[in-house]
*Asks:* 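Okay, here's the structure, questions in a sec.
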Amino acid sequence: MNQISFIKSPEKKKIIERLNESLGITNLPYQLIRSGTEKIRAFSGSLSKEQIEMLSRVVNVEAVGTYFLKQEHDLRLSFDACHLLQNQISKNIIEINDEQYHKWIRGFDLEFTTPIPHGIVVVSYKGDLLGCAKATENKVLNYVPKERRLRK
C-alpha cells in the first residue's frame with residue numbers, strides 16, 4: 001500500500017508558482033496529498049488529516065481525493081484536474097482542429113508544422129479542454145488515459 005504525505009504550505013506555494021508560470025493557475029483550493037513518488041492527489045472533503053491518515057492505513061489511498069497531477073521534471077495536470085481548473089487555465093493552450101481532435105481522442109500524438117509552446121500545454125477543441133500534454137519542437141504527446149480513449 002502506498003504511503004501518503006500531506007503537502008505543506010511552502011511546497012504547495014511552489015507548486016502554485018510553477019502552475020502559474022506554465023498554465024496561469026493561481027489558486028488550488030484543495031488539500032494536496034502525495035501518494036507515491038510522483039503522484040499528487042487533491043482532496044476537498046470534510047475529513048481531517050488524521051482521519052485521512054487512518055483511512056489510508058485501512059483502504060487504498062486511491063479512495064481519498066482525485067488524482068490531480070504528476071510531479072516529474074514538469075508538473076502535468078491529470079485529465080480531471082484540467083476540468084477542475086478550466087476557469088483558471090490561461091496560458092499554453094493549444095487549439096486543435098477536427099482532424100486533430102479525432103486523432104487525439106483515439107490516443108495518438110499530434111504533429112504540428114507551425115511553432116507550438118514547449119513544455120506542458122493544455123489541448124483544447126472548440127473551447128473544451130481535453131487534457132494536459134507535453135509539447136516538444138513539433139509534437140504534442142498524448143496522455144489521455146486508455147480507458148477514456150475512443151476505440152474506433
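For the numbers below, each heavy atom of this structure counts, side chains included, while hydrogens, waters and symmetry mates do not.
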*Asks:* For a side chain to side chain contact (heavy atoms under 4.5 Å, CB included) check, start with the C-alpha distance between Ile16 and Ile25, then their side-chain angles and the critical distance, and finish with the verdict.
*Replies:* CA-CA 7 Å; Ile16 293 170; Ile25 295 167; 5.6 Å; no
*Asks:* If we only count heavy atoms from C-beta on, is the Cys132 to Leu23 side-chain gap below 4.5 Å?
*Replies:*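 Yes. Closest side-chain heavy atoms under 4.5 Å.
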*Asks:* Are Ile89 and Val123 linked, directly or through intermediate hydrophobic residues, by side-chain heavy-atom contacts shorter than 4.5 Å (ILVMFWY only)?
*Replies:* no
*Asks:* Drop me the distance from Leu19's CG to Leu69's CG, to the nearest 0.5 angstrom.
*Replies:*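 Going from the CG atom of Leu19 to the CG atom of Leu69 covers 6.5 Å.
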*Asks:* Looking only at heavy atoms, what is the nearest atom pair of Arg18 and His73, with distance?
*Replies:* NH2-O, 2.7 Å
*Asks:* So, taking the atom named NZ in Lys8 and the one named OG in Ser5, what distance separates them when rounded to the nearest 0.5 Å?
*Replies:* 8.0 Å
*Asks:* Yes or no on side chain to side chain contact (heavy atoms under 4.5 Å, CB included) for Asn97 and Glu99, after CA distance, side-chain angles and deciding distance?
*Replies:* CA-CA 6 Å; Asn97 62 32; Glu99 180 184 337; 3.7 Å; yes
*Asks:* Which atom names give the shortest non-hydrogen contact between Pro29 and Ser44, and what distance separates them?
*Replies:* O-CB, 4.5 Å
*Asks:* For Phe68 and Tyr30, I'd like to know if the aromatic rings sit close, meaning centre-to-centre distance below 6.0 Å.
*Replies:*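 Judged by ring-centre distance (under 6.0 Å), Phe68 and Tyr30 do meet the cut-off.
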*Asks:* Going through the checks in order, is the side chain to side chain contact (heavy atoms under 4.5 Å, CB included) test met by Arg106 and Arg149?
*Replies:* CA-CA 5 Å; Arg106 287 171 174 78; Arg149 294 178 185 170; 5.8 Å; no
*Asks:* Is the shortest side-chain heavy-atom distance between Leu75 and Ile120 below 4.5 Å?
*Replies:*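 SC-SC contact between Leu75 and Ile120 ruled out.
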*Asks:* Would you call Lys134 and Asp109 a salt bridge, taking side-chain N to carboxylate O under 4.0 Å as the test?
*Replies:* no
*Asks:* For the CD1 atom of Ile33 and the NZ atom of Lys49, what is their distance to the nearest 0.5 Å?
*Replies:* 9.5 Å
*Asks:* Do Phe6 and Leu47 share a hydrophobic cluster (ILVMFWY, side-chain heavy atoms under 4.5 Å, transitive)?
*Replies:* yes
*Asks:* Classify the side-chain pair Asp98/Tyr125 by whether it contains a donor and acceptor separated by less than 3.5 Å.
*Replies:* yes
*Asks:* Would you say that Leu84 contacts Leu77 through its side chain, given a criterion of any heavy-atom pair below 4.5 Å between the two side chains?
*Replies:* no
*Asks:* Indicate whether the side chain of Gln71 and that of Arg34 have a donor and an acceptor atom separated by less than 3.5 Å.
*Replies:* yes
*Asks:* Of all the heavy-atom pairs spanning Arg76 and Glu72, show the shortest one and how long it is.
*Replies:* NH2-OE1, 4.2 Å
*Asks:* Taking side chain as C-beta onward, heavy atoms only, is Asn138 less than 4.5 Å from Thr114?
*Replies:*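 No, too far: nothing below the 4.5 Å cut-off.
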*Asks:* Is the cationic atom of Lys103 (NZ for Lys, CZ for Arg) positioned less than 6.0 Å from the six-membered ring centroid of Phe108 and within 45 degrees of its normal?
*Replies:*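 So Lys103 doesn't make the cation-pi contact.
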*Asks:* Would you kindly confirm whether Tyr143 and Leu129 end up in one hydrophobic cluster when ILVMFWY residues are joined by side chain heavy atoms under 4.5 Å apart?
*Replies:*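 As far as the 4.5 Å side-chain criterion goes, Leu129 and Tyr143 are not connected within one cluster.
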*Asks:* Which pair of heavy atoms, one from Pro117 and one from Ala135, lies closest together, and at what distance?
*Replies:* O-CB, 3.1 Å
*Asks:* Evaluate the side-chain proximity of Val122 to Asn92: yes if any heavy-atom separation is below 4.5 Å, no if none is.
*Replies:* no
*Asks:* A side-chain contact here means heavy atoms from C-beta on lying under 4.5 Å apart; do Leu32 and Phe43 qualify?
*Replies:*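 Leu32 vs Phe43: side chains apart.
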*Asks:* Say whether, by atom type as modelled, one donor and one acceptor occur between the side chain of Gln51 and the main chain of Ser48 under 3.5 angstrom.
*Replies:* yes
*Asks:* Can you find a pair of side-chain heavy atoms, one from Ile7 and one from Ile15, that are under 4.5 Å apart?
*Replies:* yes
*Asks:* Linking I/L/V/M/F/W/Y whenever any side-chain heavy atoms sit under 4.5 Å apart, do Ile4 and Leu55 land together?
*Replies:* yes
*Asks:* Report the C-alpha distance between Gln88 and Asn27 in whole Å, list the side-chain angles of each, state the deciding distance to 0.1 Å, and finish with yes or no for side chain to side chain contact (heavy atoms under 4.5 Å, CB included).
*Replies:* CA-CA 8 Å; Gln88 290 190 61; Asn27 183 31; 3.9 Å; yes
*Asks:* For Gly131 and Phe79, which heavy atoms make the closest approach, and how far apart are they?
*Replies:*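 Where Gly131 meets Phe79 most closely, the heavy atoms are CA-CD1, 4.4 Å.
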*Asks:* Kindly say whether Trp104 contributes a backbone atom to a donor-acceptor pair with the side chain of Asn142 at under 3.5 angstrom?
*Replies:*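 Present.
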*Asks:* State plainly whether one hydrophobic cluster holds both Val144 and Ile105, where clusters connect Ile, Leu, Val, Met, Phe, Trp and Tyr through side-chain heavy atoms under 4.5 angstrom apart.
*Replies:*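 Cluster IDs for Val144 and Ile105 match.
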*Asks:* Please name the pair of heavy atoms, one in Glu95 and one in Gly127, separated by the smallest distance, quoted to 0.1 Å.
*Replies:*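 For Glu95 versus Gly127, the nearest heavy atoms are OE2-N, 3.8 Å.
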*Asks:* Taking side chain as C-beta onward, heavy atoms only, is Phe112 less than 4.5 Å from Ile96?
*Replies:* yes
*Asks:* Nearest 0.5 Å, please: how far is CG in Leu110 from CG in Leu141?
*Replies:* 9.5 Å
*Asks:* Counting N and O atoms only, with roles assigned by atom type, does the side chain of Lys91 sit under 3.5 Å from a partner on the main chain of Asn20, one being a donor and the other an acceptor?
*Replies:* yes
